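What you see below is based on every heavy atom in this structure, not just the backbone, and it leaves out hydrogens, waters and symmetry mates. Nothing here was measured: the structure is a model prediction, and the numbers come from that model.
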Amino acid sequence: MKRNFRILVILSVASLIYGTISTAQEPAPYRLTLRDAIQKALQANLNVLVANTRVEEAEGTRTRRLSAALLPRVRVQSYANFQNRNLNAFGITFPGVPEVIGPFSNYDFRLYADQNIVDLQSYRGLKASERALDAGKMDYQDARDLIVRAVASLYLNAQSAAARVDAAQSRVTASDVLYKLAKDQHDAGTATGVDVLRSQVQLANNKQALLVAQNQYKQSLLALARNLGMRPSTPLELAEPLQYQPLTQPRAESLVPSAVLARPDYLSLASQRQGLVEQQHASRARSYPKVSINGNYGGLGRSIGGVQGTGIIQGQIDFTVFDRDRSGEAQELASRVKRIDDQIADLRRGIEEEIHEALLNLESTAEQVAVAKEGQDLAQRELELAQDRFQSGTTNNVEVVTAQDELARAQENYILAVSSHADARFALARALGDTEKNIGQYLGNP
């Protein structure tokens, strides 16, 4: 008997230790705020990384253009040879002189340098590459702003899914209470078997809805982790629940001019247009003279000991007398400028439309939140009254089940209204530009 008791104690202690170790090994879920999600996405999202490489590529192009246009080129060359020459092949014939002379050797050590003095075509090409670099930087910032918008939407989607899980869980709890009440009243003879069965059906339906909501919530976390550069197996937990955050309604007239100057996609098009204008100047400069200076200095001799210093310095002027290609290039550039002008005008109208649409949605969804909140409170009150009537035996539980369904619809309406209002804030932040900087004001995070 004592032996069995000792074995039981040992097994109990072992089970406790194993359970403690297993619990300790389970990683705690990462509590993710919206700001954390945005920062992680900006560091790991593929679109941001690709846009950054394009900026680096544009910087390399500018450096190459600078080297070709303004900086000197210096190179060193040396050689030693051992050769003979066929004088007859060069038309040199003298009596008594052999046709082939040599072999002989010579040595040459030389430094060459070239420098453009006036080259407007290369200079304008350099300026065009600088404008392309500016456009690349704006595209990079635009990619970051788009990621802020996308991650905010994904986070909002997860918040909405979590709110639906909470609402579904509350309905399961209420249905379980209704089932127990119906069963007790049936046992007491004040309710029928239909009431019990009806409450069981309602409980089963709500459990099914809870499972669906939980699965949708887990899927939303998977999508969020994927866009943050995190492993899908990383346990996540939202640190910020879905809640209504009112926003003072700004006026569209005061927002459009500043938005145009802050939107990186608009500024990118403006920089691209400036680059095309510089290319037009470079095209016209193809007919201008180019002035350069070059020279070399080194030692030349038949032997290393006999090397003597020699060199040359010369100025050079180049003129293009005939270049039919320039007219075709000018036509190409003019069409590109016209195309980008049309894009700029269209984008400006699009920005204005986005701002007005976001403001309309903000106003409408704010009103929807107020109505949905009132409807949810009324549905909750209706459910409480129906439960009281059923508990007192005044009526059957049809009213309770109906009230539960009404409450479910009211909860969904409220979640949709709050989610739509938050999405309208995100859309306004994107429409105004500087989304990354304005997350505190427009995305509800201080």
Side-chain angles (χ1 to χ4, degrees), residues 12 15-16 19 23 26 29 156-221 235-244 365 367-422:
S12 300
S15 299
L16 179 61
T23 303
E26 293 180 359
L156 173 61
N157 185 49
Q159 286 178 315
S160 301
R164 289 186 175 94
V165 170
D166 294 339
Q169 182 63 62
S170 68
R171 292 195 294 271
V172 169
T173 302
S175 297
D176 187 57
V177 172
L178 176 62
Y179 166 67
K180 292 178 180 179
L181 179 60
K183 190 173 180 301
D184 292 341
Q185 290 194 341
H186 177 266
D187 293 341
T190 59
T192 65
V194 176
D195 292 325
V196 177
L197 183 59
R198 187 183 295 114
S199 63
Q200 286 179 308
V201 171
Q202 184 72 0
L203 178 59
N205 290 337
N206 287 334
K207 285 183 177 180
Q208 175 71 18
L210 175 60
L211 293 174
V212 172
Q214 289 173 338
N215 185 58
Q216 291 176 346
Y217 174 60
K218 292 175 182 178
Q219 289 180 352
S220 67
L221 292 180
L236 292 180
E237 179 181 309
L238 300 184
E240 300 168 357
L242 180 68
Q243 57 183 358
Y244 174 63
T365 53
E367 296 173 353
Q368 292 175 36
V369 168
V371 173
K373 183 65 171 67
E374 181 181 2
Q376 183 176 258
D377 293 340
L378 292 173
Q380 181 65 41
R381 179 58 180 161
E382 179 186 1
L383 177 60
E384 293 172 357
L385 293 175
Q387 287 174 337
D388 292 341
R389 284 169 56 81
F390 177 61
Q391 189 171 7
S392 63
T394 306
T395 183
N396 56 27
N397 62 359
V398 173
E399 293 184 5
V400 181
V401 172
T402 302
Q404 285 181 339
D405 292 339
E406 293 295 335
L407 179 60
R409 282 191 290 271
Q411 289 173 333
E412 179 63 21
N413 289 338
Y414 183 73
I415 292 173
L416 287 175
V418 174
S419 300
S420 298
H421 185 268

Between [X] and [Y], does at least one N-O distance fall below 4.0 Å, as a salt bridge requires?
X      : Y      : answer
Lys180 : Asp184 : no
Lys373 : Asp377 : yes
Asp405 : Arg409 : no

Can you list everything that forms a side-chain contact (heavy atoms from CB on, under 4.5 Å) with Val371? Sequence neighbours excluded, please.
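By the side-chain contact (heavy atoms from CB on, under 4.5 Å) rule, Val371 matches no residue at all.
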For Ala379, side-chain contact (heavy atoms from CB on, under 4.5 Å) partners two or more places apart
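Here the qualifying residues are Leu407, Ala410.
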Short side-chain to backbone donor-acceptor contact, [X] and [Y], under 3.5 Å:
X      : Y      : answer
Asp176 : Val172 : no
Ser419 : Leu416 : no
Gln391 : Leu181 : no
Gln159 : Leu238 : no

What are the two closest heavy atoms between [X] and [Y], and how far apart are they?
X      : Y      : answer
His421 : Val369 : CB-CG2, 4.3 Å
Leu156 : Ala422 : CD1-CB, 3.8 Å
Tyr217 : Ala161 : CA-CB, 3.6 Å
Ala182 : Val196 : O-CG2, 3.5 Å
Ala168 : Ala213 : CB-CB, 4.4 Å

Look up atom [atom1] in [X] and atom [atom2] in [Y], then write down how far apart they are to the nearest 0.5 Å.
X      : Y      : atom1 : atom2 : value
Leu242 : Arg164 : CG    : CZ    : 9.0 Å
Ile415 : Ser160 : CD1   : OG    : 7.0 Å
Lys207 : Gln169 : NZ    : CD    : 10.0 Å
Gln404 : Gln387 : CD    : CD    : 6.5 Å
Asn206 : Ser170 : CG    : OG    : 9.0 Å
Gln200 : Lys183 : CD    : NZ    : 9.5 Å

Would you check if there is a donor-acceptor pair between the side chains of Asn413 and Gln368 at a distance under 3.5 Å?
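Asn413 and Gln368 do not have a side-chain donor-acceptor pair below 3.5 Å.
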Mind running side-chain contact (heavy atoms from CB on, under 4.5 Å) on Gln380 and Glu384 for me, showing each step along the way?
CA-CA 6 Å; Gln380 181 65 41; Glu384 293 172 357; 3.5 Å; yes
Partner residues of Arg198 under the side chain to side chain donor-acceptor pair (under 3.5 Å) criterion, sequence neighbours left out:
Asp195, Asn397
